[in-house]
Amino acid sequence: MRRPPVITVHEAAQHVQSGQTLLVGGFGMTGNPVHLLHALAELPTRDLTYVANNVGEVGIGGGRLLRNGQLRRAVGSYFTSNREAVQAAQDGSLEVELLPQGTLAEALRAGGAGIGGFYTPAAAGTVIAQSSDTRVLNGREMVFVPALRGDVAFIRAWRADRAGNLQYRLTEQNFNRAMATAADVVIAEVEEIVEVGEIAPEHVHTPGLYVDYLVQATLTPADLGSSADVGGSGRKVDERRLNMARRALEELMPGSVVNLGIGIPTLVADLITPEMQINLHTENGMLGVGPAPQDGGAMDYPVNAGKVPVTALPGASYFDSADSFAMIRGGHVDVAIMGGLQVDAAGNLANWAVPGRPLLGVGGAMDLASGAARLIVTMNHTDPDGTPKIVQTCTLPVTARGVTNMVITDRAVFEFRDGQLTLTGLMPGSTLEEIRASTGATFVEALRE
């Protein structure tokens with residue numbers, strides 16, 4: 001039986017050469033091979049292309065390589081979580097390629113499967129896809145994405161056996177599973193190495209044939225950054241935001257699979273009770289998300305897409321990011337509730353690019369907006385200066401075109417009926433005259449009696 005060598009983190013880091021492409025697993029710092037990255041940060045290795053969902057956190061994980069000036073290029077979906085990555089992109093010291101999160105996961109899976117690329121509806125008609133080959137397939141506009149591979153992959157697993165078989169813990173599969181298949185040299189950092197047979201065959205997530213080297217390294221709370229303690233996830237809630245969450249909850253049916261975006265949509269999770277039988281899905285690899293725990297962090301619990309520790313309800317399941325976005329694109333998520341910056345009269349959604357800031361953080365928004373069977377957008381009716389956020393035509397970079405089914409603001413509820421923006425409800429304290437004056441798009445009035 002093949003047995004990959006067990007080496008030290010310092011020996012592992014020497015397998016990465018200047019100018020190479022490095023794949024790095026993890027979602028935020030969860031499932032992140034932080035010890036391998038910190039060992040690489042001690043070497044003079046330079047000009048790396050860093051492929052990961054994000055560039056770690058400030059000074060941690062890939063963030064340490066970035067601070068050292070070891071990264072030339074980064075390919076990922078969400079760089080705004082590291083302010084130093086944003087600064088490096090702005091000053092030109094880091095070249096950035098932004099991909100929707102599901103596209104990133106699928107590109108890695110394609111690279112590992114020997115597939116040259118694929119067509120996806122995510123990002124069609126947006127600035128991200130401007131230079132892509134675009135076709136209409138099965139009546140939908142889709143963009144071509146080439147496969148991704150790396151010279152070396154650093155991944156993190158919970159356990160390995162001496163044959164290199166890997167088992168991941170909770171939501172730590174994320175990008176690790178796909179990356180384990182898509183590099184010429186794969187180095188797995190693991191919490192524990194056990195004898196062959198101690199991981200049952202049905203519990204193996206990554207077969208040992210993909211793994212070239214094993215490194216044992218113990219995780220500590222300091223390695224988890226902002227996910228180390230649930231205490232850092234508290235949020236202030238005002239009554240208007242809570243009213244929007246309550247109204248969105250009314251749209252969810254028992255047994256439905258629902259994905260909640262960050263911001264106002266996350267408040268919906270606090271209102272869901274087990275009796276409602278609603279299955280919460282999070283794109284980093286979990287179905288059956290429960291409420292936040294009272295204490296503890298990502299060493300004790302799974303995390304959601306906001307990198308916040310959560311509990312798992314009875315019947316919950318874990319999977320990797322590629323499978324998670326296959327669920328989304330395949331139409332298996334019944335409802336997505338997302339925040340918004342603008343929605344227009346054609347049902348176009350803009351929610352990922354903030355005015356005056358670099359385009360560095362799309363996350364899973366494009367995949368969810370185009371893939372969920374029904375999309376509900378929750379947002380304030382206007383900007384703080386009174387500028388309408390429901391507009392005739394989006395002026396901000398679009399997330400997805402013609403996908404919005406319902407808009408819930410702090411003042412009103414709109415639905416798209418027969419392709420027309422239709423006012424169907426008023427929120428507490430609002431008047432019809434106020435809505436007419438503060439909405440920047442033409443709409444039909446069909447208020448319930």
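Predicted, not measured: the structure shown is a model, and the values here were computed from it.
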Residue set satisfying ring-ring contact (aromatic ring centres under 6.0 Å, His included) with H381, at least two apart, ordered chain then number -> none
Contacts satisfying salt bridge (charged side-chain N to carboxylate O under 4.0 Å, His left out) that involve residues 100-118 (not counting sequence neighbours) are E106-R109, E106-R329, R109-D323
Quick note, salt bridge (charged side-chain N to carboxylate O under 4.0 Å, His left out) partners involving residues 379-403, not counting sequence neighbours, are none
Under 3.5 Å donor-acceptor, D367 side chain and G102 backbone: yes
Checklist entry - Tell me, do H332 and H281 make a side-chain contact under 4.5 Å, heavy atoms counted? => result no
- Query: Is there a donor-acceptor pair closer than 3.5 Å between any side-chain N or O of N380 and the backbone N or O of T382?
  - Reply: no
Residue pairs passing the salt bridge (charged side-chain N to carboxylate O under 4.0 Å, His left out) test with at least one member in residues 334-356, sequence neighbours excluded, are none
(request) Evaluate the criterion salt bridge (charged side-chain N to carboxylate O under 4.0 Å, His left out) for residue pair R159 and E191; output intermediate values, then yes/no. (result) CA-CA 6 Å; R159 295 203 302 169; E191 188 75 14; over 6 Å; no
Is the shortest side-chain heavy-atom distance between Y119 and D133 below 4.5 Å?
yes
### Side-chain (N284) to main-chain (V303) donor-acceptor, under 3.5 angstrom
yes
Residues 139-150 side chain polar contacts: donor-acceptor under 3.5 Å, at least two apart:
unit_1	atom_1	unit_2	atom_2	d
R140	NH2	S370	O	2.9
R149	NH1	G111	O	3.1
R149	NH2	D184	OD1	3.3

Residue pairs passing the salt bridge (charged side-chain N to carboxylate O under 4.0 Å, His left out) test with at least one member in residues 66-77, sequence neighbours excluded, are R67-E84, R72-E95, R73-E95, R73-E97
So Y168 and T206, do their side chains get closer than 4.5 Å, heavy atoms only? yes
(message) Determine whether a donor-acceptor pair (N or O, by modelled atom type, separation under 3.5 Å) exists between the side chain of T282 and the backbone of A305.
(response) yes
Notebook entry, point to check: Is L104 close to F175 at the side-chain level, that is, under 4.5 Å between some pair of heavy atoms?
Noted result: yes
